[in-house]
Amino acid sequence: MLEERGNARGEPGSEDRSVTGEPERGGPFQMAGERLVPFSGMERILIGLDADQCVAVTTTEGPVLVVAGPGSGKTRVLTHRVAYLIGSGRARPWQIVAVTFTNKAAREIRERLGGLLGTESAQLVQAGTFHSLCVRILRRDGYRIGLEPAFTIYDEEDQLALVKQALRDLGLDPQRFSPRMLLGRLSRAKNDQHSPSDLQSMAQSYWDEVAARVYERYAQYLQRAQAVDFDDLLLRTVELFTEYPDVLAHYQDRWRYLQVDEYQDTNRLQYQLVRQLASGHRNLCVVGDPDQSIYSWRQADIRNILEFQRDFPDATVIRLGRNYRSTPQIVAAADAVIRVNRQRIERPLWTENPPGPPIRLLACWDEQQEAEMVVSEIDRLVRTGNARYRDIAVLYRINAQSRSVEEALVRRQIPYQVIGGVRFYERKEIKDALALLRVLVNPRDWLSLRRVLSETAFGRGIGEKTLLQLEQWGQRQQCSPADVLLLLVEEREEAPALAAATVRRLRELGGELVRLRAAMVEHPASQLFDLALERSGLAARYRDASDPTERERWENLVQLRSVLERYDTVPAAEGLPLFLEEAALVAAIDEAEMSGDQVTLLTLHAAKGLEFPVVFLIGVEEGLLPHARALESEAELEEERRLFYVGITRAKERLYLSYCSSRNRFGLRERCLPSHFLDDLPPDVVEAGSRASERVPRVAPPAGGHAGPVESSAPVVPRLRAGQRVFHPAFGDGFVVAVREQAGDQEVTVQFKRHGTKTLLASLAKLVVEE
DNA sequence: CCGTTCGAATTTTTT
DNA sequence: ATTCGAACGG
């Protein structure tokens, strides 16, 4: 995001400069390096690509669909395609758009492109997420649909606050109408391009009715605050293009070649946007993998990829099935798992890579032991020189799972980073400071003003009542509460019927805001930040606190300031909006630090598009993967399986899958069963003796009703399987970690609760199977 | 109007 | 276990 500052507004001026500044053929390819015979541009760009990849790179005109399996060189194709477009003279860098799923992916494409073409060209290519692209469009042209360039972007917390406010206005109980659920409905409505009145007329139930009325108020609030939510960024851009064909024409003319990555996870609005932008030249290349579609809960619509050929009948379809990333064992496991899905186009996936170690299953007591096993294996791999910390990732379904692993890593003093979780920009103190800056940039943002009033000393003496007065008063004057404050300072307005002391406070506050806004024009962002923090009392509150957690919050604010400093080359009035945009649109993964040598912990969702030599996928249990909340429908279950597939395919060489037999949830211990997804792993790619299937009797999959949950026979010497709980007369309770078949007998490795791990012969050990 | 305290829900994934 | 809202006392 940062590196786009120079041309973020997309003014024509920057284009003109670069037309003359664009190096001629040969210039970008001087890096061809040690070769004696200089490459022509094309050779350098196409070298090392396989036949299919080559077609994907060189089919530049017209619609192209690239169905790319995991590890098939998707990013490589995308990057080389852009390089080819430029190198061949078909397009100038700024005429090319590469839409990525995260800012990090955009950054990576630009970096790789820099290696192929030189950084100047690479910087001019328009690479970013749908959302950041839309921000740029709306900042420039949004005024046409009533959006000032200083508009604020609301995050989910802000959205929830608005929904709750709307519910309060309507006299409805937020307990009865879950704001979260309502927000989901609004998001769906927006993605279907339904207006509040559409929703109203389609309403089938009281709930629908409520949703429609909440939506109406919600939209009003956004407009009044000159704010947009994530969906609006897309929706309002589509609106802009629909209502102002000349604006659309401008972008169609400018952006002649469109590339869309992770196409399987686009939603209908994004598709609409793509169609609008591509409808003139039709140079549209989408790259995706239906098997890796894992964002349907965010309205991603798999139809976008499945129906691409219907919408673009002349599309060239290219399939990349060869995996360059993983060992044959990992590829075979992934293929076997994904094959079970019924809603799927069958597709080959193979690799020529040399075999690696088998996939290992780790059966554990609980998450503490799971973490121990993972961490000691990490330690072993690093000690034996099989991996560096940075080669290793621990993947999980939900963020809460990182905790036990973190604790174990801290105990062993192993460096690590957690991606996601409570994100930096979502911390309370950060949001307080951001609210302050938002109000200065966009005084109409009353939600942020409200936050400033309730969370900082600026609000001392001003409570809910007064704020309500301000709002009502503002509405009568057709202006925002902050405007009212400004008017009060100028004494151009009679004060509302409030106590004299309150009016004095309001005037004071108005004065503070006026001064800070004036400072914004003269000082760089970081200085304004200091000033705002001092004046609002936020600085004193955190900096001078004795409570260590409060002091930690101060550290975070200091860190925030250092981010702001990157915008200090221009006055805050210009720099702040860009900074606020970055703050609103950073993805969890964007914050990943890839330079240090540390283990990476992240969710399966965040791991999309990444690869690691060593992957631990933990918590492969029923209820977790698949998640208990995703068992409503076959479609949801299939998405969970795709998630598992995504996890498996992140691994290049070593893959470990772990599960527990009990786990703490909501403070209580709960029993867990291994995920039935494990049953689909081919036996020959999993380490012998650690097979999970056939082991624990289980409830049948939802469609088939319930199977008998009890094993049929109970032999005198029980047949043991990994994962079983056992009791030993001397060692007590234990857990079967592994079983090795041994000429009519079994050699069992048992982890005892009290006595550590022992390897025993089943015929002699008098083990009793529990349950 | 402000701060504290208690009770309750809450967690699936995130631009 | 944490966080959010309601309720209460200052």
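Just so it is clear, the values below take in all heavy atoms, side chains as well, and ignore hydrogens, waters and symmetry mates. We name chains A, B, ... by the order of the sequence lines, and we start the count at 1 in each one. From a predicted model like this one, the values you see are computed outputs, not experimental measurements.
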Look for any protein N or O under 3.5 Å of an N or O in nucleotides 3-6 of chain C and output each such pair with its distance, or none.
unit_1, atom_1, unit_2, atom_2, d
C:dG5, OP1, A:Lys164, NZ, 2.8

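- For A:Glu455, the salt bridge (charged side-chain N to carboxylate O under 4.0 Å, His left out) partners at least two apart in sequence or on another chain are A:Lys428.
- A distance of about 15 Å separates the P atoms of C:dC4 and B:dT13, rounded to the whole Å.
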Can you name the atoms? Protein N/O to nucleotides 13-15 of chain B N/O, anything below 3.5 Å, with the distance.
unit_1, atom_1, unit_2, atom_2, d
B:dT13, OP1, A:Asn399, N, 3.1
B:dT13, OP1, A:Asn399, ND2, 3.1
B:dT13, O4', A:Arg397, NH1, 3.4
B:dT13, O2, A:Trp297, NE1, 3.1
B:dT13, O2, A:Arg397, NH2, 3.4
B:dT13, O2, A:His605, NE2, 3.2
B:dT14, OP1, A:Thr603, OG1, 3.1
B:dT14, OP2, A:Asn399, ND2, 3.4
B:dT15, OP1, A:Ala588, N, 2.7
B:dT15, OP2, A:Arg423, NH1, 3.4
B:dT15, OP2, A:Arg423, NH2, 3.0
B:dT15, O4', A:Arg298, NH1, 3.2
B:dT15, O4', A:Arg298, NH2, 3.4
B:dT15, O2, A:His131, NE2, 3.3

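- Checked against a 6.0 Å centroid threshold, the rings of A:Phe101 and A:Tyr295 count as neighbours.
- Considering only residues two or more places apart in sequence or on other chains, A:Asp169 meets the salt bridge (charged side-chain N to carboxylate O under 4.0 Å, His left out) condition with A:Arg217.
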Quick one: which protein N/O atoms are closer than 3.5 Å to N/O atoms of nucleotides 1-5 of chain B? Pair and distance per line, please.
unit_1, atom_1, unit_2, atom_2, d
B:dC1, OP1, A:Gly463, N, 3.3
B:dC1, OP1, A:Thr466, N, 3.2
B:dC1, OP1, A:Thr466, OG1, 2.6
B:dC2, OP1, A:Gly459, O, 3.3
B:dC2, OP1, A:Gly461, N, 2.9

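- Note: A:Ser402 OG to A:Ile419 CD1 = 11.0 Å, rounded to the nearest 0.5 Å.
- Every residue was checked against the salt bridge (charged side-chain N to carboxylate O under 4.0 Å, His left out) condition with A:Arg450, not counting sequence neighbours, and none meets it.
- With no hydrogens or angles considered, a side-chain donor-acceptor pair links A:Thr266 and A:Asn304 at under 3.5 Å.
- A distance-only check finds no donor-acceptor pair linking the side chain of A:Glu429 to the backbone of A:Asn556 [under 3.5 Å].
- Between the side chain of A:Glu367 and the backbone N or O of A:Asn664 there is at least one donor-acceptor pair closer than 3.5 Å.
- Look at A:Glu406 and A:Arg403 and you find no salt bridge, because none of the NZ, NE, NH1 or NH2 atoms lies under 4.0 Å from a carboxylate O.
- Ring geometry for A:Tyr251 against A:Phe241 counts as tilted: the plane angle lies between 30° and 60°, on a 0 to 90° scale.
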